[in-house]
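Here is the structure we will look at, set down as structure tokens.
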Amino acid sequence: MIKKSITLKGHRTSIALEAEFWDALEIIADQKRCSLPALINQIDRNRLKIDPAPGLASAIRVYILRNSTQRD
């Protein structure tokens, strides 16, 4: 697990993901031509629309899974 800190809505938070998920997330951010923090903020905003909202790390993993299956 790799833990990285990011600012979400003005607050610092840490996200722990496996290295493969960080790699995939960076590839997706590059493809979308946005920064990694911007992509994570987008994922965070979307997860908060779900009731009950999943954890951020889980939402990121699901986002990556959905995004990778759309490219195939």
Side-chain angles (χ1 to χ4, degrees):
M1 298 289 272
I2 297 174
K3 189 179 276 193
K4 294 188 181 189
S5 294
I6 186 167
T7 301
L8 294 174
K9 294 175 271 191
H11 296 88
R12 297 292 286 173
T13 190
S14 294
I15 304 165
L17 295 170
E18 294 78 5
E20 295 83 0
F21 284 105
W22 285 117
D23 292 344
L25 202 55
E26 291 197 24
I27 289 168
I28 294 168
D30 286 345
Q31 290 172 343
K32 292 183 173 287
R33 292 180 167 74
C34 69
S35 68
L36 189 60
L39 180 58
I40 293 172
N41 271 287
Q42 175 189 346
I43 294 167
D44 185 51
R45 283 191 307 273
N46 289 336
R47 84 174 173 98
L48 294 175
K49 296 175 185 175
I50 301 167
D51 187 27
L56 181 55
S58 295
I60 290 170
R61 287 184 185 97
V62 170
Y63 177 86
I64 292 167
L65 178 65
R66 288 183 177 157
N67 197 287
S68 65
T69 57
Q70 289 176 358
R71 286 182 282 169
D72 294 337

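Values below: all heavy atoms of this structure, side chains included; hydrogens, waters and symmetry mates excluded. Keep in mind the model is a prediction, meaning the values are calculated, not measured.
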How close do P37 and I6 get, heavy atom to heavy atom, and via which atoms? CA-CD1, 3.3 Å

Heavy atoms only: give me the nearest M1-A16 pair and the separation to one decimal. CE-O, 3.6 Å

Distance from I43 atom CD1 to L48 atom CG, nearest 0.5 Å? 12.0 Å

Give, for atom OG of S35 and atom CG of N41, the distance between the pair rounded to the nearest 0.5 Å. 8.0 Å

Applying salt bridge (charged side-chain N to carboxylate O under 4.0 Å, His left out), name anything that partners K49, two or more places apart in sequence or on another chain. none

Does R33 CZ have over 12 foreign heavy atoms under 6.0 Å away? no

Kindly list each side-chain donor-acceptor pair under 3.5 angstrom involving residues 17-29, sequence neighbours excluded, with atom names and distances?
{"unit_1": "E18", "atom_1": "OE1", "unit_2": "R61", "atom_2": "NE", "d": "3.3"}
{"unit_1": "E18", "atom_1": "OE1", "unit_2": "R61", "atom_2": "NH2", "d": "3.1"}
{"unit_1": "W22", "atom_1": "NE1", "unit_2": "I2", "atom_2": "O", "d": "2.9"}
{"unit_1": "W22", "atom_1": "NE1", "unit_2": "L17", "atom_2": "O", "d": "3.3"}
{"unit_1": "E26", "atom_1": "OE2", "unit_2": "K4", "atom_2": "NZ", "d": "3.4"}

Sidechain-backbone polar pair: D44 side chain, I40 backbone, donor-acceptor under 3.5 Å: no

Looking at P54, is its backbone amide N or carbonyl O close enough to the side chain of R47 to form a donor-acceptor pair, meaning the two atoms are under 3.5 Å apart? yes

Can you tell if the side chain of L39 reaches within under 4.5 Å of the side chain of Y63, non-hydrogen atoms only? yes

